[in-house]
Structures are given as structure tokens and as C-alpha cells.
Amino acid sequence: VINFPNFLLHVLMIQIGQKDVEFVKANIALDDKRLLDFFKPLLENKAEKFEFVKQFGFNLLKCRFLFDRYIIKREMVGSKSDWSLKHLKYYSQIKNVNYLNSFGSSNINEGENKSLIMLLAMFHVSIPTQNYKYWLNAALKYLFQTYDNEGFLEIKADAYKNYLEDLANAFLRDRFLAVDGKRFDYLEIIYTNKEKSKNILITDIDLSLMDKGTGVENFIFNYLDYLLWSKDVQKYDKFRFTFRSSVEHYYPQNPKEGDNLGIDSECVDNFGNLCLISSSKNSMYSNNMPYVKLSSYSSPDSIDSIKQKIMMDITQGNQKNERAAKNLWGKAEIETHATEMKKILLPDLYVE
């Protein structure tokens, strides 16, 4: 999830940001290529540097403990890898250790532990680079401020989940869909606005940013998939967040000769016609029509995106209703699906 040089910067940002966010905005960034540049000014004052170093050492240890316990990792289960959220348990009587889920009594991923895995994985695959991982900074800041050094105040799963959901909503509204003049930077969202979205009016949101084809932010698709998953956990139990980075046009941008249904480019780039899949699958589909893409999936495990699964279910339903073979997914389906998905993303704001 993160490497050590960048982890040092997260700790530094949390330590300074709690007291002076303006200093952080002007002098610190989550970029390990400039690691020493960010630390040097804080060590120039001889009278203060010893206390700074002492405090940083303690904060580093605390953040590492919290990171190990409450941030997802990649775990090998047999021949497959999956996301996990676990902590180390020491059994004094037998002098042995084991890894248990961080939340809940069962070692099976379910309930709150599963929800937190999905939330954290959603953030991570949306912003997978080691640098500028602001979601991780926000999560660590929450854990750092919530966890009592004496152990009297533990991290509660429901409060942690609510915090991360508020953060995701703030990223969506205040960063990715904000109108010009209403866009906040990440540090403002995390340290100044306390992860609560400021864009609460429909006039604060630019819905057209969801209708930009390949220009739509990956985070929007992943956050939508999380919301869809949380609405029906059992139905989408096999869904996992992976590193998908390719925006797929379900109705193709350039249909093959004889397939073109006359759908204009604006409708093709509409959010209702888009989903996020792996680059390899996007290349494989090329300019195939939806009914051809539908036949490419043989099992639920192969679905890259819940949004895509819903689009395919609509296509399959039209197939059963004996619509024309090449006209299973058209303008009406695209616009209706877009409305439904936007309402899920912005339930209190979206107006048709």
C-alpha cells in the first residue's frame, strides 16, 4: 500500500497538520523525492529540533502500529491473493501468534470487517501510486486522533466506516464533481473541512463531469461500485476491487461496419454507457457490440465492475424480451441507467 519514505511523510504531515495546516500546505507534500527538503527546515532551530525529533519518533511508532492493525494489506490465500484487514494476536500460554480480523470475532471476512476492507480497497485501487496518497493520510489521521495512547479508546468499526464513507463523499463532491470555484484541495478536505463535504447544493456539482467518456475519474466508478455493493452484499459477494484503469464504452465508440445504430458521440460518452474494467479486457472487446460483450462472460467471477454487471443484466433482459439482436442496448437504456446511477452517487442532489 505504501513504502517507507512516503510513510515518513504521512507521519510528518499528521504531526504538523494538526496544529498548522497552512504550514503543511506551503511546505510539505506527499512526494518522497523531496523527502529531505521537507524535514530540513524543521531541524534548523536547535532549541526545538530535539523535541521535534522525540515527538516524531513516538508518532512514527504509533502510526506504524495503527497502519499494521487498521489499514488493508494484500494476503495470499492458497494460490490466490485477496485484501485483508487483520492484527497480530499473541497467545501467552502457548507462546505463539496468529493473525485475526481487526474487527469482529470471526476470521471470515464478513460484516464490518468486510465493509472496511471494501472501502479501503476502493480508495487504494483508485489512487494506487505511492505518492500523493491522500486517502491514506486521512485514514491515518483519523486513527491517530481517535486511538488513545493508553489504550482506553479503541477504534470502533462503525465510526471508522462512517468516517471513510464521509471522506469518499467529500472526495466525490468537493474534488471530482465540484463546479469551478467550488473545488477544494485534498488538504482542505482532510484538515480544514474535517472530511465533511461543503458542496451540499445541486449548483455546487457539475454533473457533466460524469459524461466525459474516458475523461471520467476512476474514483467515481469505484465509489459507485462500493455503493452498489453495500446495497446488496449477498448478490455481489464475489466482487473484489482490483487495479482497473480503463474506461469501457459499453456501446462502442466506433462500431464495426453494419453494427452502427446511429447513437451520437455525446450519448456514447454518457455515464450510463461507461464502466471501469481492466485494460486487457478493454482491448479484447475492442469495438464489439454489447450483445457480443455479453457472451464473453461465462461466470460472475469474471465481472470487473458491478456497474458493468447491471448494464449486462439489462442487455440480457432485453435479449429475453426478444428485442432485435443488435439493438439490446440503445439510447433509452443509456440515459435511464445514467439517471439511476447518478441518483445512487448523489441521492440528495441529483435532479433529472
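- Remark: Lys196 engages Asp166 in a salt bridge, criterion side-chain N to carboxylate O under 4.0 Å.
- A salt bridge links Arg173 with Asp348; the closest basic N to acidic carboxylate O contact falls under 4.0 Å.
- Atom NZ of Lys141 is separated from atom OG1 of Thr146 by 8.5 Å, given to the nearest 0.5 angstrom.
- No cation-pi contact links Lys62 to Tyr147, judged by a cut-off of 6.0 Å to the six-membered ring centre and 45° from its axis.
- Asp204 and Lys182 are joined by a salt bridge, as a carboxylate oxygen and a charged side-chain nitrogen come within less than 4.0 angstrom of each other.
- Remark: aromatic rings of Tyr70 and Phe103 are close, center separation under 6.0 Å.
- Aromatic rings from Phe39 and Phe56 are positioned such that their centres are separated by under 6.0 Å.
- Note that CD of Gln308 is 10.0 Å distant from CG of Leu276, once rounded to the nearest 0.5 Å.
- Taking the six-membered ring wherever Trp is involved, the centroid distance between the rings of Phe241 and Trp83 does not fall below 6.0 Å.
- Taking CE from Met122 and CH2 from Trp135, the interatomic distance works out to 9.5 Å, rounded to the nearest 0.5 Å.
- Between Lys212 and Glu217, none of the side-chain N atoms (NZ, or NE/NH1/NH2) sits under 4.0 Å from a carboxylate O, so this pair counts as no salt bridge.
- Between Asp225 and Lys309, no side-chain nitrogen of the basic residue sits less than 4.0 Å from a carboxylate oxygen of the acidic one, so the salt-bridge criterion is not met.
- Between the NE2 atom of His87 and the CG atom of Asn98 there is a distance of 9.5 Å, given to the nearest 0.5 Å.
- Contact annotation: the side chain of Leu85 never approaches that of Glu75 to less than 4.5 Å [non-hydrogen atoms, C-beta and beyond].
- By the 30° and 60° cut-offs, the orientation of the rings of Phe219 relative to Phe123 is tilted.
- When side chains are defined from C-beta on, Lys231 counts as touching Ile344, because their heavy atoms get closer than 4.5 Å.
- Aromatic ring centres of Tyr186 and Tyr132 lie farther apart than the 6.0 Å criterion allows.
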*Derivation of the ring-ring contact (aromatic ring centres under 6.0 Å, His included) call for Phe221 and Phe271*: CA-CA 10 Å; Phe221 292 108; Phe271 190 67; 5.4 Å; yes
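- Rounded to the nearest 0.5 angstrom, Tyr226 OH and Ile306 CD1 are separated by 11.0 Å.
- A side-chain donor from one of Gln15 and Asn59 sits under 3.5 Å from a side-chain acceptor of the other.
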